[in-house]
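Notes follow the structure.
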Amino acid sequence: MISIEKINDFKWLIPRMEGMRVPGIIYISEKLLNKAVSEKAPEQIINVSKLPGIVKYSLAMPDVHWGYGAPIGGVGAFDAESGVIAPGFVGYDLNCGVRLIRSNLTADDVKNKLEDLINLLFTNIPCGVGSTGALKLKRKDLEKVTAEGAEWAVKNGFGTAGDLENTEENGRIKEADPDAVGNRAYERGTSQLGTLGSGNHFIEIQRVADIYDKTAADSFGIFPGQITVMVHSGSRGLGYQVCGDYLDRFGRVAADYGIKLSDRQLACAPVSSKEGRRYFRAMNAAANYAFANRQIMTHLIRETFSSVFGVPYEKMQMSLVYDVTHNICKIEKHTVDGREKTLYVHRKGATRAFPKGHPQLPERYRSTGQPVIIPGTMGTSSYILVGTEKAMEETWGSTCHGAGRMMSRHQAVKEGRNRSIAGELAGRGILAKGVSGKGLAEEMPEAYKDIDEVIEIVEGAGLSGKIARMVPLAVIKG
DNA sequence: ATGTCC
């Protein structure tokens with residue numbers, strides 16, 4: 001039995017016990033804690049707290065759930081000298097992330113076009129496990145993609161300079177090394193650029209249903225009744241392979257650095273070690289691939305809208321609001337006990353949420369704070385939030401990343417037997433097109449926590465502010 | 001999440 005003590009309505013403490021270097025903190029409500037968090041997630045929060053060089057606390061967001069090695073919804077910062085880096089605390093889908101594309105279309109404009117849009121998106125953007133895209137790149141070009149990220153995509157005609165401006169890291173992480181990515185990863189990545197993938201990855205056409213902060217919404221280009229398009233995808237087989245390769249490697253070398261692993265899935269190496277630095281550069285290379293992937297899909301989405309409406313997409317003002325990554329480790333400066341420190345911040349199923357004034361934000365968001373894009377499920381709302389100063393102080397500038405699973409995929413498939421999830425969604429006015437019925441069942445809304453409750457918690461805890469809520473109209477699923 | 005088992 002793990003003891004979890006209430007700090008306040010939205011914040012809970014796992015006190016430091018034998019072997020823990022720092023305490024655990026879970027941002028959650030009593031209701032969600034009892035209903036949606038199994039014992040396995042707190043065990044992983046504790047395992048993370050035992051890693052060398054972890055600073056202050058092992059954190060979990062309200063969408064926390066059990067994952068490979070470390071919890072999804074977990075955040076932890078590590079000292080730049082004594083800390084470690086752990087692939088299992090970044091996730092297999094390196095730079096899995098979300099972007100939101102705005103438009104000047106209203107729900108009325110798309111009412112009679114939704115079916116065409118969703119069918120053509122499904123045709124134009126390959127999805128599903130192992131799906132391959134229209135682009136087949138030579139190894140040399142692929143290396144440019146891992147070095148240059150979304151910048152490569154824009155350079156090759158898939159998007160605009162404005163897209164880069166509105167992407168975390170401008171869509172290109174500088175400290176990336178194409179040579180740190182293995183052959184097998186490149187083989188898998190060759191034909192997958194511009195593909196959606198499977199699982200919880202999706203492209204969704206949404207309607208803006210609520211505005212909570214008009215000033216911020218205005219500066220984000222968001223208005224009531226507006227059509228937005230949300231993309232959730234990552235680095236596909238390339239990132240998966242990078243994660244796997246370095247997990248193997250770290251599993252073998254951790255002992256050489258005197259690290260005793262409490263869970264092999266949480267294999268790690270010192271950030272300052274040869275292996276640690278190499279993983280960091282490979283991870284960033286895979287992250288760049290993911291930025292390019294979402295960028296190329298953005299272009300395909302714009303073309304799809306153009307062809308359905310018969311007007312150039314520029315006329316529909318389909319610009320990028322923001323692109324966030326929620327599976328990554330970043331070098332960031334944070335204040336620790338009154339002093340500025342350089343930290344390796346791991347976010348696994350957690351979103352950066354920097355406050356207004358932060359120097360890393362694009363000029364246009366300097367006075368509002370960073371847009372935080374949070375998807376719900378196929379059947380529920382999604383949100384635009386904004387980063388806060390309190391997140392900077394308490395969670396290394398982090399917030400939740402989505403609703404967070406409540407049921408295992410296996411359990412969801414079982415629940416979905418003799419049901420048509422697409423049919424049920426259609427009954428609620430949501431057009432869902434998936435590669436497989438099983439895939440849709442795995443992603444049924446009931447398999448997830450209530451996104452509205454999750455958002456209430458991050459807002460109540462002061463980790464982000466609500467800007468707008470979108471509802472799903474139509475979605476494609478891998 | 002994932003060429004859902006090299």
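Here is how names work: the chains are called A, B, and so on, in the same order as the sequence lines, proteins then strands, and each is numbered from 1.
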### Message
Over all strands shown, is Arg405(A) touching base, sugar-phosphate only, or nothing at heavy-atom distances under 4.0 angstrom?
### Response
nothing
### Query
Tell me: CG of Asp248(A) to P of dC6(B), nearest whole Å?
11 Å
### Gln241(A) CD - dT4(B) P separation (whole Å)
12 Å
### Message
Need one value for Gly197(A): base, sugar-phosphate or nothing, where a base atom within 4.0 Å counts as base even if backbone is also close, heavy atoms only.
### Response
sugar-phosphate
### Query
Does a side chain donor of either Arg236(A) or Thr195(A) reach within less than 3.5 Å of an acceptor in the other side chain?
yes
### Query
Rounding to a whole Å, what distance do you find between Tyr240(A):OH and dT4(B):C1'?
8 Å
### Query
Do the side chains of Ile28(A) and Val37(A) get nearer than 4.5 Å, heavy atoms only?
yes
#### Entry: Integer-rounded Å distance: dT2(B) P and Ile72(A) CD1
13 Å
### Message
Rounding to an integer number of Å, can you tell me how far His232(A) NE2 sits from dT2(B) P?
### Response
10 Å
### Task
May I have the distance from Glu443(A) (atom CD) to dT2(B) (atom P), rounded to whole angstrom?
11 Å
### Query
Phe202(A) ring centre to Lys477(A) NZ or CZ under 6.0 Å, with the angle to the axis within 45°?
no
## Note on the structure
To the nearest angstrom, the CZ-P distance between Arg184(A) and dC5(B) comes to 14 Å
### Task
Measure from NZ or CZ of Lys40(A) to the centre of the six-membered ring of Trp66(A) and say whether it is under 6.0 Å with the direction within 45° of the ring axis.
yes
### Task
For Glu442(A), answer base if it contacts any base atom (sugar-phosphate contacts may also be present), sugar-phosphate if it contacts only those atoms, and nothing otherwise; contact means non-hydrogen atoms under 4.0 Å.
nothing
### Message
Just N and O in the side chain of Arg409(A): are any of them under 4.0 Å from OP1 or OP2 of dT4(B)?
### Response
no
### Task
Using heavy atoms to find the nearest nucleotide of DNA chain B for Lys477(A) and Lys438(A) separately, return the residue whose nucleotide is more 5′.
Lys477(A)
### Task
Could you check how far CG of Asp93(A) sits from C1' of dT2(B), rounded to whole Å?
9 Å
